[in-house]
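Everything on this sheet refers to the single structure shown next.
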Protein chains: 2
Amino acid sequence: MKKKQTAESRILEADQTRTNILEVATREFADKGLAGARIDEIAEKTNSSKRMIYYYFGGKDGLYEAVLERAYGHIRKREAERLFETMPADEALRALIELTFDYHASHPDFVRLVMNENIHHGDHIGKIPGIKERNRSVIASLKTIIDKGVAARLFRKGVDPVDLHMSISALCFFNVSNRYTFEANFGVDLGSPKTQKKRRAQIADIILAWMKAD
Amino acid sequence: MKKKQTAESRILEADQTRTNILEVATREFADKGLAGARIDEIAEKTNSSKRMIYYYFGGKDGLYEAVLERAYGHIRKREAERLFETMPADEALRALIELTFDYHASHPDFVRLVMNENIHHGDHIGKIPGIKERNRSVIASLKTIIDKGVAARLFRKGVDPVDLHMSISALCFFNVSNRYTFEANFGVDLGSPKTQKKRRAQIADIILAWMKAD
DNA sequence: CCGTATATATGAACTAGTTAGTACATAAAG
DNA sequence: CTTTATGTACTAACTAGTTCATATATACGG
């Protein structure tokens, strides 16, 4: 398959191999959890081999941590929050909530990895460098919106941005994380486009009702 | 250890053995997940033996399903909702939310089992007989409260009780399910009494603000 | 510019330890 | 003598991780 190589093409290929392994492993860990996923199965689905997993990532835990770090790296890239600077605070907040909802809905793997990490008592997330720093920017964005809303007498005073973030996250996260049990318990498919569309607006309504000045 | 037995004492002991196994297995499955828990480890922590796990529950999956059924059996026993019949609708709803919050906070094993079941795509929850029926009563209770609140012009019209339940569940569930990642991301311990107390009231505030008539 | 050492990358087969599940024997009660 | 309950020892399959061999490209001294 591989013909003559230069230094660059070699580095490139190695990088592709690493990325390919991470993509496959992300799917497997998200699907079956850290304990449930199998190294041999991941290796098989890869364009590469088991040997290379150990070569690049050291072992199952190393691979899992790399997968987790990559997943968290993706979510914090949406610094599009600056877009909201020109909007009124309530519209900005709604837009931010919808963005959060959409991210969760379109990244079930991320949600499932987080679930799994909680099953494992957060033993690996602590190893990701600078994770708190990355999240601070989300809180800062929310604080800006809150302050602006309070100044415009649209929002109540005294809401902690961390609480606000927690509430938005909880509502958006649950929609993906508890999809299967909710379906079994209530016969509602949280993944259907119709339910999603309704819920997306509803979550924003809930948060805005709470934030609203009396 | 065991002396002379009668038929009854034998049945009783057998029942204690089964219960003991289920208790131990609940902790283990909640702690490590279905794939992560080990039959040998469960057996060791039991007053009984591995042999009896297979005798009573058939295998790992059978044991897990029995654990899941038992956990779901417990949560639906709080039919204390009738207590709220005498209260105004908003107070009743707040009380119900606080009850839900407390249940989640004091049963992390249940929350973690549900998380795990979602990791496994709800493959086992479907096997629990009559699970939908059991949940219908929760929705019915909520509907009663909503209707009463609407009649008293305390609540908005048109809120679907399933949506209301979903929102309450999401907020209460997240507080337990995402404890470890939230701590790692934001340095907030959702399990501390102070945070819990604040959050308990806050969740009720959020839902009530949304339900309130304009 | 050639040869040799060195770092990077990869394949194939193997292994030690684990893990779910079973076989067989037995004991007590009805 | 049959049903229920239980202890001991075993096994077949799996699973993470390793060993050894090797190919290719670059570094570097002569």
Side-chain angles (χ1 to χ4, degrees), chain A residues 1-22 24-29 31-68 116 120 123-124, chain B residues 1-22 24-29 31-68 116 120 123-124:
Chain A
M1 228 170 215
K2 285 149 206 165
K3 291 269 169 170
K4 204 165 49 182
Q5 288 180 320
T6 66
E8 280 144 70
S9 80
R10 245 190 129 181
I11 291 169
L12 197 80
E13 268 188 47
D15 216 61
Q16 282 175 340
T17 299
R18 252 191 302 265
T19 304
N20 175 243
I21 292 173
L22 283 175
V24 172
T26 297
R27 278 197 296 275
E28 287 294 305
F29 284 132
D31 198 45
K32 294 165 195 160
L34 170 54
R38 299 290 165 235
I39 289 281
D40 286 292
E41 213 175 322
I42 293 170
E44 223 170 71
K45 294 182 180 173
T46 286
N47 296 329
S48 183
S49 68
K50 182 171 170 176
R51 181 70 186 72
M52 295 316 291
I53 293 177
Y54 284 89
Y55 185 67
Y56 284 127
F57 302 102
K60 196 182 189 184
D61 277 14
L63 179 58
Y64 174 74
E65 276 157 31
V67 162
L68 201 64
N116 190 71
H120 290 278
D123 283 345
H124 306 86
Chain B
M1 232 169 212
K2 284 151 207 165
K3 292 269 169 168
K4 202 163 46 179
Q5 287 182 320
T6 65
E8 280 144 70
S9 79
R10 241 188 133 185
I11 292 170
L12 197 80
E13 268 188 47
D15 216 62
Q16 282 174 340
T17 299
R18 251 190 303 265
T19 304
N20 175 242
I21 291 172
L22 283 175
V24 173
T26 297
R27 279 196 296 274
E28 287 294 305
F29 283 133
D31 197 46
K32 295 164 195 159
L34 170 56
R38 299 290 166 234
I39 289 280
D40 286 293
E41 212 175 322
I42 293 170
E44 224 170 72
K45 294 183 181 173
T46 286
N47 296 327
S48 184
S49 69
K50 183 171 170 176
R51 181 69 187 74
M52 294 315 292
I53 293 176
Y54 283 90
Y55 184 66
Y56 283 127
F57 302 101
K60 195 182 189 184
D61 278 14
L63 179 58
Y64 173 75
E65 276 157 30
V67 161
L68 202 64
N116 191 71
H120 289 278
D123 282 346
H124 306 87

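To find a chain, count down the sequence lines: A is the first, B the second, and so on, and within it residues start at 1.
- A sub-4.0 Å separation between OP1 or OP2 of D:dC14 and a side-chain N or O of A:R38 is absent.
- The nearest whole Å value for the distance from the CE atom in B:M52 to the C1' atom in D:dT8 is 14 Å.
- The closest side-chain heavy-atom distance from B:L22 to B:L63 is below 4.5 Å.
- Neither OP1 nor OP2 of D:dT6 sits under 4.0 Å from any side-chain N or O of B:S49.
- Regarding A:I21, its CD1 atom lies at a distance of 11 Å from the P atom of C:dA9, rounded to whole Å.
- Residue B:A43 is classed as having no contact, given no heavy-atom separation below 4.0 Å to the nucleic acid.
- Residues in residues 53-68 of chain B take part in these salt bridge (charged side-chain N to carboxylate O under 4.0 Å, His left out) pairs, two or more places apart or across chains: B:E65-B:K127.
- Contacts of A:A35 with the nucleic acid, taken as non-hydrogen atoms under 4.0 Å apart, are absent.
- Atom CZ in A:F57 sits roughly 12 Å away from atom P in C:dA9 (whole-Å rounding).
- Shortest non-hydrogen contact noted between A:N20 and A:S48 is OD1-N, 4.3 Å.
- Residue B:Y56 has a polar side-chain atom (N or O) positioned under 4.0 Å from OP1 or OP2 of D:dT6.
- Looking at B:K45 and B:R27, their side chains never come closer than 4.5 Å, going by heavy atoms from C-beta outward.
- Between the NZ atom of A:K32 and the P atom of D:dT15 there is a distance of 10 Å, given to the nearest Å.
- Taking atom OH on B:Y55 and atom P on C:dT26, their separation rounds to 18 Å, with Å as the unit.
- Within the 4.5 Å cutoff, the side chain of B:N116 has no heavy atoms near those of the B:F29 side chain.
- The CD atom of B:E44 sits 16 Å away from the C1' atom of D:dG7 (whole-angstrom rounding).
- Summarising the geometry, the separation between OH on B:Y64 and C1' on C:dA20 is reported as 17 Å, rounded to the nearest angstrom.
- One interatomic measurement links the two molecules: CD1 of B:I53 to P of D:dT6, which rounds to 13 Å at whole-angstrom precision.
- Taking OG1 of B:T19 as the reference point, atom OH of B:Y56 lies at 10.0 Å (rounded to 0.5 Å).
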What N/O pairs connect the protein and nucleotides 21-23 of chain C at under 3.5 Å? Give each pair on its own line.
from: C:dG21; atom 1: OP2; to: B:Y54; atom 2: OH; distance (Å): 3.3
from: C:dG21; atom 1: OP2; to: B:K60; atom 2: N; distance (Å): 3.0
from: C:dG21; atom 1: N7; to: B:K50; atom 2: NZ; distance (Å): 2.9
from: C:dG21; atom 1: O6; to: B:K50; atom 2: NZ; distance (Å): 2.8
from: C:dA23; atom 1: N6; to: B:R51; atom 2: NE; distance (Å): 3.4

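- At a threshold of 4.5 Å between non-hydrogen side-chain atoms, the residues A:H124 and A:L34 count as touching.
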